Amino acid sequence: MGSAEVDKHTPPSGDGAGKDVLTGLSNGMDRHKSKDKDHHSHKHKHKDKDREKCKDKNREKHKDKHKDKHKDKHKEKSKDKEKKHDKEDRKHGREERKQSKEDKKLDKEEKRKEKGKMKDKAEKASCVEVKNEPMSEDDDTPLASHSFSQTSQDSEDDDQPLSFRKKVKIEVKAEKPVKRKAEDMAVDDEDDYVASKKKNKKVEEKKEKVDKKQTNGASPTKRVKKEKKEEEETWKWWEEEKHEDGVKWKSLEHKGPVFAADYEPLPGNVKFKYNGKEMKLSTAAEEVGSFYAAMLDHDYVTKDVFNKNFFKDWRKFMTHSEKEIITDLKKCDFTHMLTYFKAKSEEKKNRTKEEKQQLKLENEETVKEYGWCIIDGHKQRIGNFKIEPPGLFRGRGDHPKMGMVKRRVMPEDVIINCSKGTAPKPPAGHKWKEVRHDNTVTWLASWTENVQGQVKYIMLNSASRLKGEKDWQKYEIARQLKDSVEKIRETYKEDWKSKEMKIRQRSVALYFIDKLALRAGNEKDEDQADTVGACSLRVEHISLHEQKNGKQCVVVFDFLGKDSIRYYNEVPVEKRVFKNLQIFMENKKPGDDLFDRLNTTIMNKHLNDLMEGLTAKVFRTFNASNTLQEQLDSLTDPNSSVTEKILAYNRANRAVAILCNHQRAVPKTFAKSMENLQKKIDTKREAIQEAEQSYKDLKKEAKKTGSAAAKIAAGKKEKQLEKLKEQLMKLEVQATDREENKEIALGTSKLNYLDPRISVAWCKKNGVPIEKIYNKTQRDKFQWAIDMAGPEFEF
DNA sequence: CGTGTCACTTAGTAGCCATGTG
DNA sequence: CACATGGCTACTAAGTGACACG
């Protein structure tokens, strides 16, 4: 992680903002962590007790987890590299945040008690007080000094800070024997299905072509025409009628997932040493130990949390006597194991062609057998048909669970979902955990992973109908937003003036979501990395500057978002927003929620009222696609070469990636490859000069002598020169492109945010082959768009 | 209503592999 | 032909958001 992570934490370049050295974190960060511990575990106990009431099964596990929590609490973190400063700071902030949340909680509880008595009074009072929340209109007086907190303190419930988010997740609970859905669903094999219970709200798209779809593309003529391979790949599902609401398929048949290969014990000559002495480990302990050994070169092993988690989990796999001996990870010597693994992978690389061929074939075989399913009569590719192999959990950022052992998944853990009567056979000697026939979901198989306790799914590939249709629908909603966004913007701007704190917070958060394409920011548990989005921003994540770099009312954002990617941005905002932020931050500690009366549920409920189907993430899609469209319109010169057009496209794409903060680690080989490219350019330049010279000479000579041969030679040279120039141009374009791209990932936006029809239309309009924009997988994923968008399509 | 569960999308990266180059 | 290099795919973590339940 190390270097990569550091890279990530540098501000994104290119949008003109954010070049500063990180400052934002300094505010109040030196605060102390401490005491929170007690509160914390207290909380846990409560929770757990409650839970035990309902589900006593998990008792043991929970106890176990308790211990974890305690131990993990004290992070000693001794030697730390400078680079980690800000991270450290964050951690402190977090500790404090926990603490302050605890405090708030207590506060609130007390209040609640009182409330009973004072209810009537409070109610009356609140009406008044709400109105009294300060919000200076246009005047310039800073509001920072106003005190609203007093009043709001005792005001009624709905203007109270939301209750505090804490909830320490259920640690991997034992599976409860779920069945329900499958059962109350009277599924009949062939083509009966239950209408969904969900209400629908969907985007009705044009679905005229009902005629075409006499049974699933079974029309023989069609088949014959397509013949050959990918007949199914050209299944134009987008011309067919949609399933009725909530139903995802009518028939589904597959072979079940592929399990990870069994563990192969190390050969006897590969030794593990403890405290300098060789030691033969039991198979289980060896397997888990080898996970660690294989990561010895990785940055993870320098992290305390990682080591601690690993060691603790590892011990669970040891025999009694091993446990007794191995008590300190530091005394473990895995180097021999690592050497062995390295040698093995080297060996792998050096395999002969035949061996490789053989392997490839075998691979193809399993894909053929397990990589496809038949859904509604069509063969479709499965996205991930292999079950995740065991290993060490690699959480991103400061993940409290990094290093924990991810257990091997057995058939007994796996739930199969398919049509009745088509269940795949479990591997010999095993049974499935369950077979269900739920056609309201899209997954083929699922299991619960032990580290985070989340369900993992086997689903279809993105080229499939199931995924494609959803994707299409996503963009349709985004386009709808385009139509109403102006009104929505007016509304939230109006709301900045609202008397009600809650509404002002909501409107400011929405402004961020819209303007900056921030994510919604759901609440997170304490046992996940500490990252935020719009609704979960904390005071410590922004700083306000009346004046910065010649701009007024600048808000500096500096926080870790999804995947612990840093978001840094300096944004000039409207005065009203600025003032509101000042108020929101008043009397709060750095670790407190900026929008304490807001969460994503509230936000999304509001959004849904504004437009059916609207949620926070739609803004990201909309803004991304809209930006692309605008950028393409303005950057594309219809008279330029294809190369230049592609550069323009990439630039537009890049603008979106910057908007969405899609970063990547600078490729390790970047500097070198850049150098090489530069060299090439230089050589090319020289070549051009030479060519120019000899061209001139030839021309002169031709003029002088008038000989036809000389003329021809000159003409040839001219052509050559042109060619060279073109090559140079290409190289230069490539260089710029690469430089501008070094820490920006274009793929994510291309794949998830940009309506493919925009790109398709652009290609068609500008005579750019679609292959220049989309590779094979991408073309597969976007078949629908490629097929239906003409050059005139506009987002 | 708060909380947990479930399903599904979005995300970055490791490492494989095709490809071009010297 | 060996090798570097960049592109792509597979992988899986980490989000969002709907809904059920007590």
Side-chain angles (χ1 to χ4, degrees), chain A residues 1 4-5 8 47 50-51 53-55 157-158 162-167 169-170 173 176 178 180-181 197-199 201 248 298 345 348-349 356 360 363 383-389 391 393-397 399 401-402 406 438 440-443 446 448-449 451-457 459-462 466-467 470-471 474 519-525 528-529 531-533 535-536 561-565 599-601 603-605 607-608 613 615-618 620-621 660-665 667-670 672-673 676-677 680 734 738 745 747-749 751-753 775-778:
Chain A
M1 279 220 126
E5 201 173 31
K8 307 230 111 130
K47 283 217 136 183
D50 287 352
R51 208 174 293 124
K53 260 186 240 157
C54 354
K55 320 175 183 180
D157 231 23
D158 54 336
L162 298 175
S163 55
F164 321 95
R165 350 182 136 167
K166 74 298 314 323
K167 68 180 114 177
K169 189 167 210 163
I170 339 12
K173 31 174 53 170
K176 44 176 181 184
V178 207
R180 39 184 225 288
K181 255 190 201 161
K197 40 222 144 167
K198 310 172 186 181
K199 51 183 168 183
K201 49 189 46 232
K248 305 293 171 54
H298 204 285
S345 78
K348 234 177 176 174
K349 257 186 242 154
K356 279 184 184 163
K360 202 173 164 189
N363 256 330
N384 57 324
F385 56 90
K386 289 183 188 155
I387 288 199
E388 298 173 13
F393 178 75
R394 296 150 96 111
R396 301 177 194 163
H399 197 117
K401 294 193 167 186
M402 63 168 82
K406 203 165 72 166
D438 183 350
T440 66
V441 296
T442 66
W443 51 269
S446 73
T448 303
E449 163 260 12
V451 175
Q452 310 228 64
Q454 312 158 320
V455 186
K456 301 274 190 157
Y457 301 95
M459 290 185 186
L460 290 186
N461 173 286
S462 48
L466 234 37
K467 296 290 183 188
K470 197 85 183 294
D471 211 34
K474 171 181 80 185
R519 295 189 185 81
N522 279 315
E523 294 162 30
K524 296 187 75 184
D525 297 334
Q528 297 174 291
T531 63
V532 298
C535 295
S536 51
K562 181 173 177 182
D563 293 304
S564 294
I565 296 293
N599 62 31
T600 52
T601 311
M603 176 63 79
N604 282 331
K605 216 178 131 269
L607 292 176
N608 199 258
T615 63
K617 85 190 190 96
V618 177
R620 250 166 103 78
T621 313
C660 294
N661 201 37
H662 290 141
Q663 300 185 34
R664 63 168 183 176
K668 286 181 210 80
T669 54
F670 182 80
K672 206 164 85 196
S673 81
N676 289 344
L677 191 57
K680 265 195 208 165
Q734 203 186 345
R738 204 185 293 175
T748 308
S749 47
L751 233 49
N752 300 304
Y753 289 103
N775 68 29
K776 178 77 174 93
T777 340
Q778 290 164 166

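Predicted model only: the values in this text are computed from it and were never measured. Here is the naming used below: chain letters follow the sequence lines, and residue numbers restart at 1 for every chain.
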Completion exercise
Heavy-atom closest pair (A/Q663 atom, A/A745 atom, distance to 0.1 Å) is O-CB, 3.8 Å

Problem - Side-chain N,O (A/Q452) to OP1/OP2 (C/dA14) below 4.0 Å - result: yes

Practice task
Quick one: label A/N775 by what it contacts on the DNA or RNA (base, sugar-phosphate, nothing), any heavy atom closer than 4.0 Å.
Solution key: sugar-phosphate

Exercise for the section: Would you tell me whether A/N604 and A/T615 have side-chain atoms, one donor and one acceptor, within less than 3.5 Å of each other? Expected result: no

Practice task
Check the distance between B/dA7's C1' and A/L460's CG and give it to me in whole angstrom.
Solution key: 14 Å

Practice task
Among the candidates C/dT9, C/dG17, B/dT10, find the nucleotide nearest to the side-chain atoms of A/K562.
Solution key: B/dT10

Handout entry: A/H399 vs C/dA14: side-chain N/O to OP1/OP2 distance below 4.0 Å
Key = yes

Exercise for the section: Quick one: label A/G561 by what it contacts on the DNA or RNA (base, sugar-phosphate, nothing), any heavy atom closer than 4.0 Å. Expected result: sugar-phosphate

Handout entry: C/dC8 OP1/OP2 closer than 4.0 Å to side-chain N/O of A/T777
Key = no

Problem - Residue-phosphate contact under 4.0 Å: A/K360 side-chain N/O, B/dA18 OP1/OP2 - result: yes

Practice task
Considering just the side-chain nitrogens and oxygens of A/R396, establish if one lies under 4.0 Å of OP1 or OP2 belonging to B/dA14.
Solution key: no

Exercise for the section: Using only heavy-atom distances, decide whether a donor-acceptor pair under 3.5 angstrom links the side-chain of A/K474 to the base of B/dT9. Expected result: no

Handout entry: Closest non-hydrogen atom pair between A/D563 and A/R396, with its separation
Key = OD1-NH1, 2.6 Å

Exercise for the section: Would you indicate, yes or no, if C/dT16 has its OP1 or OP2 atom less than 4.0 angstrom from a side-chain nitrogen or oxygen of A/N522? Expected result: yes

Handout entry: Contact summary for A/S536 and A/G521, nearest pair of heavy atoms
Key = OG-O, 3.4 Å

Problem - A/A665, nearest nucleotide to its side chain (from B/dA11, B/dT13, C/dA13) - result: B/dT13

Handout entry: A/T600 side-chain N/O to C/dT16 phosphate OP1/OP2 under 4.0 Å
Key = no

Practice task
Answer yes when A/K406 and A/E449 have at least one side-chain N-carboxylate O distance shorter than 4.0 Å, and no when they do not.
Solution key: no

Exercise for the section: Report yes if a side-chain nitrogen or oxygen of A/K617 is closer than 4.0 Å to either non-bridging phosphate oxygen (OP1 or OP2) of B/dT10; otherwise report no. Expected result: yes

Handout entry: Phosphate OP1/OP2 of B/dT9: any A/K467 side-chain N/O under 4.0 Å
Key = yes

Handout entry: Nucleotide nearest A/T615 when distance is taken to its side chain, options B/dC8, C/dA18, B/dA14
Key = C/dA18

Handout entry: N or O in side chain of A/K356 less than 4.0 angstrom from B/dC17 OP1/OP2
Key = no

Handout entry: Whole angstrom value for the distance that separates C1' of C/dA14 from CZ of A/R620
Key = 13 Å

Exercise for the section: Output yes when at least one side-chain N/O atom of A/N384 is less than 4.0 Å from OP1 or OP2 of C/dC11, else no. Expected result: no

Completion exercise
d(A/K401 NZ, A/F393 CZ) to nearest 0.5 Å is 8.0 Å

Problem - Short side-chain N/O contact from A/T748 to OP1 or OP2 of B/dG12, under 4.0 Å - result: yes

Exercise for the section: To the nearest Å, give me how far apart CH2 (A/W443) and C1' (B/dT9) are. Expected result: 18 Å

Handout entry: Whole angstrom value for the distance that separates P of C/dC11 from CD of A/E449
Key = 17 Å

Exercise for the section: Check the distance between B/dT9's P and A/H662's NE2 and give it to me in whole angstrom. Expected result: 16 Å

Handout entry: Protein-nucleotide distance (A/N363, atom CG; C/dA10, atom C1'), rounded to Å
Key = 11 Å

Exercise for the section: Could you tell me the separation between the OH atom of A/Y457 and the C1' atom of B/dT9, rounded to a whole number of Å? Expected result: 13 Å

Problem - Closest to side chain of A/T531, choosing from C/dG17, C/dG15, B/dA11 - result: C/dG15

Completion exercise
On DNA chain B, more 5' by nearest nucleotide between A/A745 and A/T442 is A/T442

Handout entry: Residue pair A/G397 / A/M402: nearest heavy atoms and the distance that separates them
Key = O-CE, 3.3 Å

Exercise for the section: For A/D563 and C/dG15, give me the distance from atom CG to atom C1', rounded to whole Å. Expected result: 8 Å

Problem - Most 5' of A/R394 and A/A616 on DNA chain C, judged by nearest nucleotide - result: A/R394

Completion exercise
Of the candidates B/dC8, B/dC6, C/dA13, the side chain of A/K456 sits closest to C/dA13

Exercise for the section: Establish, with yes or no, whether the OP1 or OP2 oxygen of C/dA18 is under 4.0 angstrom from a side-chain nitrogen or oxygen of A/K605. Expected result: no

Practice task
Indicate whether any N or O donor in one side chain lies under 3.5 Å from an N or O acceptor in the other, for A/T531 and A/K524.
Solution key: yes

Practice task
Would you indicate what A/F393 reaches in the nucleic acid, counting non-hydrogen atoms under 4.0 angstrom: base, sugar-phosphate, or nothing?
Solution key: sugar-phosphate

Practice task
Would you indicate, yes or no, if B/dC17 has its OP1 or OP2 atom less than 4.0 angstrom from a side-chain nitrogen or oxygen of A/K349?
Solution key: no

Handout entry: Shortest side-chain distance from A/M459, nucleotide among B/dC6, B/dT9, C/dT12
Key = B/dT9

